[in-house]
Amino acid sequence: MKAINPGHFLLTCRLDNWVHLLEENHFHIARDRLPQALYISAASLALAPAAAAESLIYRRRIRETKIEKDPIFILGHWRSGTTYLQNVLSRDDQFGWFDPVNTIGLPYSLLLGRLIRPPIEKGIQNGRPQDNVQYSLDLPMEETFGVLTISPYSIIHMIAFPENYKKYIEGAFVSDLPAEALSKWKRSYDYAVRKLTYIKKGKRLILKSPDNTARVRELWGMYPDARFINIHRDPYKTIRSTIHMFRTEMDLLRLTEAPDGLDELIEDTVIDIFERMYRELFALEGFFPKNRYVDVAYTDFCRSPVDTLRGIYRRLELSGFENAAPRFQAYVNSQRGYQKNKFDISSRLVRKINAKLGFYMEHYGYEMREVEEE
């Protein structure tokens, strides 16, 4: 039997959403993952009264919360440097962001925030399983991990239910959803954004979830004055690291059996998602007003984070850079010892990337690798 993971991302799932996920997967749970599924069920059931009470007390106030300044969205494929960029940017205290308590505990954080803070802090203390990045209560998380607690439309659900992975890709490319489902996703996402705006007392939000890169058109329609920062990275390093991330997370967190040929399936899925994300984003680039969208190279940001942020603030017409610059630099200095993962890449994978992502390399000036014989 697989040991129970106390940090499983579905542990704080709202009960109705958890039941929905089980139903659409036909209640099929792998035998060795049954204790984990039962643990999630017990937690969701125990927390259901608090979720219902919070909705009853606060739902109207949250829905009536005005978003005075539309969010700043950090875009970029998984493993492109989005986390580092958001962590540094979050040191500007004019902004709000999804902290771990209001992300993991989204359905009931207003009522139970103080109570759930210690177990959440304990659950995140070992950092992310796929790399050396550490979580803390003072750093942001991806809002997608909050939205998935109240919505079945999330690509992250494919980590728990890999047998049904094609369905959950629609949770990133929400344009593929039927009209009613798309409307439900929009309501869930906007509810999360308004709730955090309410909690952060109206601050402008910095939101970062890589899957947002797959739904820019929808987000721009919902928040027409939003700003978008797209960070891009060498596709070979990005793809190889993303494959490792999804493989590691599925090993730890899946609830169903892994499909046959999982390694190659992850490879092909990651490359296909990457290709579609950026073909759709590039098709929109020419329509953004000058002060709404900026591209940032990961290498440039790592080389000179504070100077790069100065350029971002100028391009997006954001105020407050000079006040925040010392805090940006302090966080950058604190990360000097961080060690990135390093991976070998097979000729087979290079060949697949070359076949699908040449347009991306040409757009950003990345050099296409030659395929070496293995």
Side-chain angles (χ1 to χ4, degrees), residues 1-15 17-45 47 77-79 83 98 100 103-107 116 119-135 141-172 209-211 241-267 269-270 273 341:
M1 282 287 181
K2 189 77 173 178
I4 291 173
N5 186 330
H8 197 288
F9 64 86
L10 287 175
L11 197 60
T12 53
C13 192
R14 200 173 63 193
L15 181 61
N17 191 40
W18 171 237
V19 172
H20 181 103
L21 290 168
L22 290 174
E23 286 178 342
E24 70 183 7
N25 287 280
H26 309 292
F27 293 91
H28 175 220
I29 302 295
R31 180 174 296 182
D32 65 331
R33 306 301 167 117
L34 190 57
Q36 181 73 71
L38 291 173
Y39 190 52
I40 294 169
S41 299
S44 297
L45 187 61
L47 291 167
H77 194 274
W78 292 271
R79 318 301 300 145
T83 296
F98 274 87
T103 306
I104 298 169
L106 179 67
I116 63 178
I120 286 177
E121 186 171 23
K122 183 177 180 181
I124 65 175
Q125 67 184 0
N126 293 324
R128 302 195 306 196
Q130 71 271 18
D131 57 22
N132 301 310
V133 172
Q134 295 299 304
Y135 285 128
M141 291 188 74
E142 297 171 12
E143 78 274 9
T144 194
F145 285 101
V147 177
L148 68 77
T149 65
I150 62 173
S151 171
Y153 308 112
S154 173
I155 193 172
I156 305 302
H157 289 315
M158 76 177 183
I159 293 170
F161 303 101
E163 290 181 334
N164 210 4
Y165 76 96
K166 288 183 179 179
K167 178 176 185 59
Y168 295 119
I169 289 174
E170 294 177 344
S209 292
D211 41 335
S241 186
T242 303
I243 290 167
H244 169 75
M245 177 192 74
F246 278 124
R247 190 67 170 92
T248 301
E249 290 180 343
M250 280 186 184
D251 284 344
L252 288 171
L253 303 171
R254 65 176 175 83
L255 299 175
T256 62
E257 301 289 352
D260 293 336
L262 182 61
D263 289 333
E264 189 161 1
L265 181 62
I266 291 175
E267 281 185 12
T269 300
V270 167
I273 289 172
N341 286 336

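No experiment lies behind these values; they were computed from the predicted model shown. Below, all heavy atoms of this structure are taken into account, side chains as well, without hydrogens, waters or symmetry copies.
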Would Phe145 and Leu106 satisfy side chain to side chain contact (heavy atoms under 4.5 Å, CB included), going step by step from the backbone distance to the final call?
CA-CA 9 Å; Phe145 285 101; Leu106 179 67; over 6 Å; no
Please walk me through it: do Leu11 and Ile104 pass side chain to side chain contact (heavy atoms under 4.5 Å, CB included)?
CA-CA 9 Å; Leu11 197 60; Ile104 298 169; over 6 Å; no
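If you take CD1 on Ile40 and SG on Cys13, they are separated by 8.0 Å, rounding to the nearest 0.5 Å. Within the model, atoms CZ of Phe9 and OG1 of Thr149 stand 11.5 Å from one another, a figure rounded to the nearest 0.5 Å. Interatomic distance, CE of Met158 versus CD1 of Ile169, reported as 5.5 Å (0.5 Å rounding). Between the OG1 atom in Thr248 and the CD1 atom in Ile243 there is a gap of 11.5 Å [rounded to 0.5 Å]. Within the model, atoms CD of Glu267 and OG1 of Thr269 stand 10.0 Å from one another, a figure rounded to the nearest 0.5 Å. Taken to the nearest 0.5 Å, the NZ atom of Lys167 stands 12.0 Å off from the CZ atom of Phe161.
In this structure Leu45 satisfies the side chain to side chain contact (heavy atoms under 4.5 Å, CB included) test together with Leu15, sequence neighbours excluded. Applying the side chain to side chain contact (heavy atoms under 4.5 Å, CB included) test to Leu47 and every residue at least two apart in sequence or in another chain returns Tyr108, Leu112. For Pro119, the side chain to side chain contact (heavy atoms under 4.5 Å, CB included) criterion is met by no residue, not counting sequence neighbours. Qualifying ring-ring contact (aromatic ring centres under 6.0 Å, His included) partners for Tyr168, counting only residues two or more places apart in sequence or in other chains: His157. Residues satisfying the side chain to side chain contact (heavy atoms under 4.5 Å, CB included) test with Thr242, not counting sequence neighbours, are His77, Trp78, Arg79, Thr238, Met245, Phe246, Val270. Residues meeting the side-chain hydrogen bond (donor to acceptor under 3.5 Å, both in side chains) test with Asp260, sequence neighbours left out: none. Residues passing the salt bridge (charged side-chain N to carboxylate O under 4.0 Å, His left out) test with Arg247 are Asp251, Asp263, sequence neighbours excluded. Residues that satisfy the salt bridge (charged side-chain N to carboxylate O under 4.0 Å, His left out) test with Glu257, not counting sequence neighbours, are absent from this structure. Qualifying side-chain hydrogen bond (donor to acceptor under 3.5 Å, both in side chains) partners for Asn5, counting only residues two or more places apart in sequence or in other chains: none. Partners of Glu170 under the salt bridge (charged side-chain N to carboxylate O under 4.0 Å, His left out) rule, at least two apart in sequence or in another chain, do not exist in this structure. With sequence neighbours excluded, the residues that form a side-chain hydrogen bond (donor to acceptor under 3.5 Å, both in side chains) with Glu143 are Tyr189, Ser209, Asn212. For Thr144, the side-chain hydrogen bond (donor to acceptor under 3.5 Å, both in side chains) partners are Asp211, not counting sequence neighbours.
Contact between Pro259 and Pro162 at its shortest, heavy atoms only, is CG-O, 3.6 Å. Residues Asn17 and Leu148 share a closest heavy-atom pair of ND2-O, 2.8 Å. Nearest heavy-atom pair, Arg254 versus Arg33, reported as atom, atom and distance to 0.1 Å: O-NH1, 3.0 Å. Closest non-hydrogen pair, Asn25 versus Leu21, comes out as ND2-O, 2.8 Å.
Residues Ile273 and Ile155 meet the side-chain proximity criterion, which asks for heavy atoms closer than 4.5 Å. Pro100 has its side chain out of reach of Glu121: every pair of non-hydrogen atoms, C-beta onward, lies at least 4.5 Å apart. In this structure the side chain of Pro152 reaches within 4.5 angstrom of the side chain of Glu24, judged on heavy atoms.
Side-chain N/O atoms of His8 and Gln36 include no donor and acceptor closer than 3.5 Å.
Across Ile159, Leu255, Ile156, Leu253, a single residue satisfies side-chain contact (heavy atoms from CB on, under 4.5 Å) together with Leu10, and that is Leu255.
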